[in-house]
Amino acid sequence: MISLELLNRAAVWAAELTEEERERARKGIIEKTYGKGVYVCHQGDRFNAWAGVFTGLVKVATVSDRGKQVSLAGFTNGAWFGEGSLIKGEMRRYDIVALRDSRLMLMDAGTFAWLLDNSVGFNRYLVRQFNERLGQFIGQVENDRMLDAAGRVARTLGSLFNPRTNPGVGQQLAITQEEVGLLSGLSRQVTNQSLKLLEGRGKLTVGRGGIAIRDWRDLMGSNA
DNA sequence: GCATTAACAGCCG
DNA sequence: CGGCTGTTAATGC
């Protein structure tokens, strides 16, 4: 169980719930800290929780058939994820790894199901979330087929800095260039070159172990 | 051409 | 020292 104050800070959707629903939600959530590099859950686990990032950065990843690391998505401050497996009652299809020290909120499956059945506000939030994700998914396909390396890196960062899916993200994020590469589907070297290029265009600033952006929409290209 | 892997030196905490 | 970064060389589609 977490405090009402923490719930309000960690979950934008809390504001859309009734007082009773909020109370129910906070009782069904625990806070857990994960160190850098620690697995939150492994592929094939029955991880019975809906998760929110309070602070930190986690990625959804898997290993290709030839043993290569592939990162699929990153989540940072304010992002809630994992409803897919929860709704379908499936085992986790991917690994979830903390890329740096992260404080997560874990809502148990029973509470999630209750909110889904009883809270209009909660459902509104989920629909918006699905809609946003679908847009990003379609953008990813375009990403793979049409964009050059710098475009892909820009898109990847645009998604990471998207305040609609990561409401607590700021203008700066602690992430290594190697991880940006893994998320972009590019090697570290090309990622480095692309970041320099984007920096030259004034779209972002690269620092050691972190990247600062000016406007996430600017990174997403035409359809944000 | 453009991206990948390998390798290495420099830098910073 | 160990992890991250910036660069270059060799190789591949």
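Reckoned from all heavy atoms, side chains included, excluding hydrogens, waters and symmetry mates. Each chain gets a letter, A, B and so on, in the order the sequences are listed, and its residues count up from 1.
Rounded to whole Å, the distance from CG on A:Asn192 to P on B:dA9 is 18 Å. For the pair A:Ile175 CD1 and C:dT5 C1', the computed distance is 15 Å after rounding to whole Å. Distance A:Gln69 CD to B:dT4 C1': 17 Å, rounded to the nearest Å. Taking atom CG of residue A:Leu186 and atom C1' of nucleotide B:dC2, one finds them 11 Å apart after rounding to whole Å. Note: CD (A:Glu178) to P (C:dT5) measures 9 Å, nearest angstrom. Whole-Å rounding puts the A:Gln177 CD to B:dC11 P distance at 16 Å. Between the C1' atom of B:dA3 and the CG atom of A:Leu147 lies a distance of 16 Å, rounded to the nearest Å. Distance A:Arg152 CZ to B:dC2 P: 13 Å, rounded to the nearest Å.
For the salt bridge (Lys or Arg N to Asp or Glu O under 4.0 Å) condition, no pair includes a residue of residues 69-78 of chain A, sequence neighbours left out.
A salt bridge links A:Glu179 with A:Lys59: the closest approach of a Lys/Arg side-chain nitrogen to an acidic carboxylate oxygen falls below 4.0 angstrom.
Of the side-chain N and O atoms in A:Gln189, none sit less than 4.0 angstrom from OP1 or OP2 of B:dT5. Taking side-chain N and O atoms only, A:Lys36 has no distance below 4.0 Å to OP1 or OP2 of C:dG2.
Scanning atom types as modelled, one donor and one acceptor separated by under 3.5 angstrom connect the side chain of A:Arg208 and the base of C:dC4.
Ring-plane geometry between A:Tyr125 and A:Trp13 is classed as tilted, the angle between the planes lying from 30 to 60 degrees on a 0 to 90 degree scale.
Both A:Gln193 and A:Gly210 sit near DNA chain C, but only A:Gly210 has its closest nucleotide nearer the 5' end. Nearest-nucleotide assignment on DNA chain B puts the 5′-proximal partner with A:Gly185, out of A:Gly185 and A:Arg188.
Nucleic acid contact class of A:Thr176 (heavy atoms, under 4.0 Å, all strands): sugar-phosphate only.
Atom CG of A:Leu57 is separated from atom CG of A:Leu160 by 6.5 Å, given to the nearest 0.5 angstrom.
Taking only side-chain atoms of A:Val190, from C-beta outward, the nucleotide of B:dT5, B:dA3, C:dG6 with the closest atom is B:dA3.
By the 4.5 Å heavy-atom criterion applied to side chains, A:Thr205 and A:Glu199 are counted as neighbours.
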